[in-house]
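All remarks here apply to the structure that follows.
The first residue of the sequence shown is numbered 1, and numbering continues consecutively from there. Every number for a ligand or one of its atoms is a count from 1 in the order of the listing.
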Amino acid sequence: MTDPQYRADAPVVVAVDGPAGSGKSSVSKATARRLGWAYLDTGAAYRALSWYVVQRRLDPTDAATVIDALPDFDYRIGTDPDTYHVFVGDHDVTDAIREPEVTAVVSAIARVPEVRSFLTGLFRSIVARTDEPGIVVEGRDITTVVCPDAPVRILLTADEQVRMARRSAELTGHSAAHVGEALRRRDAADSRVVDFMNAADGVTTVDSTDLDFDQTVDAVIAVVQKETHV
Ligand SMILES: Nc1ncnc2c1ncn2[C@@H]1O[C@H](COP(=O)(O)OP(=O)(O)OP(=O)(O)O)[C@@H](O)[C@H]1O
Ligand SMILES: Nc1ccn([C@@H]2O[C@H](COP(=O)(O)O)[C@@H](O)[C@H]2O)c(=O)n1
């Protein structure tokens, strides 16, 4: 019997994983824009849930409390790379979810299995509802858990020192040492939950250590073209 979720015009999925600061969001967004496809930032959902928990003055380290918050978590995200916005209820949290207070607690929220399965379901339904011919989906477990059957699966990486330097260049008012330490700590915590440092079978590694931004987007698009002939 045909899967009821099957659509003959289902979007081509480009799954992108990688560590913090590897360029997943910016490179995936630029790739989607160049292809005229949709873009889904999955980290934004983990961040928005963290924002919601902090706003409600709940304890982000208490898994039961976080799980109890899920049914009321009213989350919406745009998938147009040019008009990308994130909402929780009526609040536009697009900028707020990038604040260091939110980033500091997101790994604790992301390690809760019930949170992961709730958000994985949400991501899959957003992908299934995409009207564009393709969608670039980026995060930590897209190539392995969320969309393991995607025709294009990429691990986007760069040396830790390079990632730290790129991240601290965009955060004014924070010391490079502090930014670097926060990035390293978050990667260490996140890698206990999912492996985004090593490419799973069939996943292509794009290492941007020695590439500039445009060269990295070109490299990702070359993988998409090779795998899908678009
Ligand atoms: N190849 C590159 N050359 C130079 N700068 C880059 C390159 N790729 C990404 N950047 C820059 O590095 C910074 C981090 O990129 P981005 O925010 O996209 O990373 P990320 O992997 O999504 O990080 P996080 O997981 O922490 O959200 C951005 O300022 C981005 O413009
Ligand atoms: N597929 C994903 C995506 C993200 N996370 C968690 O969210 C945090 C924020 O992600 P960014 O990509 O916006 O930096 C990240 O540190 C992870 O804790 C995840 O677990 N799985």
- prompt: How many angstroms lie between CG in Leu40 and CZ in Arg124, if you round to the nearest 0.5 Å?
  reply: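 That separation rounds to 12.5 Å.
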Atoms of ligand 1 less than 4.0 Å from [X] heavy atoms?
X: Arg186; result: 26 (O)
X: Arg140; result: 25 (O)
X: Asp212; result: 1 (N), 2 (C), 3 (N)
X: Ser26; result: 9 (C), 15 (O), 16 (P), 18 (O), 30 (C), 31 (O)

Run the contact test for [X] against ligand 1 with a 4.0 Å cut-off on heavy atoms, strictly below, and give the result.
X: Lys29; result: no
X: Gly21; result: yes
X: Gly43; result: no

Applying a 4.0 Å heavy-atom criterion (strictly less than), which segment of Arg167 is in contact with ligand 1: side chain, backbone, both, or neither?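 The side chain, only.
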Using a distance-only test with no angle check, is there a side-chain donor-acceptor pair under 3.5 angstrom linking [X] and [Y]?
X: Thr103; Y: Arg47; result: yes
X: Ser26; Y: Arg166; result: no
X: Asp41; Y: Ser25; result: no

Shortest heavy-atom approach to [atom] - which of [options]:
atom: atom 19 (O) of ligand 1; options: Ala20, Pro19, Ala44, Gly23; result: Gly23
atom: atom 11 (C) of ligand 1; options: Arg166, Arg98, Glu170; result: Arg166
atom: atom 2 (C) of ligand 2; options: Arg140, Arg167, Lys24, Glu138; result: Arg140

Which atoms of ligand 2 have any heavy atom of [X] under 4.0 Å away?
X: Ala110; value: 6 (C), 18 (O), 20 (O)
X: Val106; value: 7 (O), 8 (C), 16 (O)
X: Thr42; value: 1 (N), 2 (C), 3 (C)
X: Gly139; value: 1 (N), 3 (C)
X: Arg98; value: 13 (O)

* Between Val27 and ligand 1, is there a nitrogen or oxygen pair with a distance under 3.5 Å? ->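 No - when backbone and side-chain N and O of Val27 are compared with those of ligand 1, no distance drops under 3.5 Å.
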Per-residue contact class, Asp190 against ligand 2 - non-hydrogen pairs under 4.0 Å:
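It is the side chain that touches ligand 2; the backbone stays farther off.
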Heavy atoms from other residues, nucleotides or ligands near CG of Asp201 exceed 12 (cutoff 6.0 Å):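 Open.
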- Which protein heavy atom lies closest to atom 1 (N) of ligand 1, and at what distance to 0.1 Å?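 The closest one turns out to be Thr216 OG1, 2.8 Å.
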- Establish whether Leu183 and Ile109 are linked, either directly or via other cluster members, by ILVMFWY side-chain heavy-atom contacts under 4.5 Å.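 Not linked; separate clusters.
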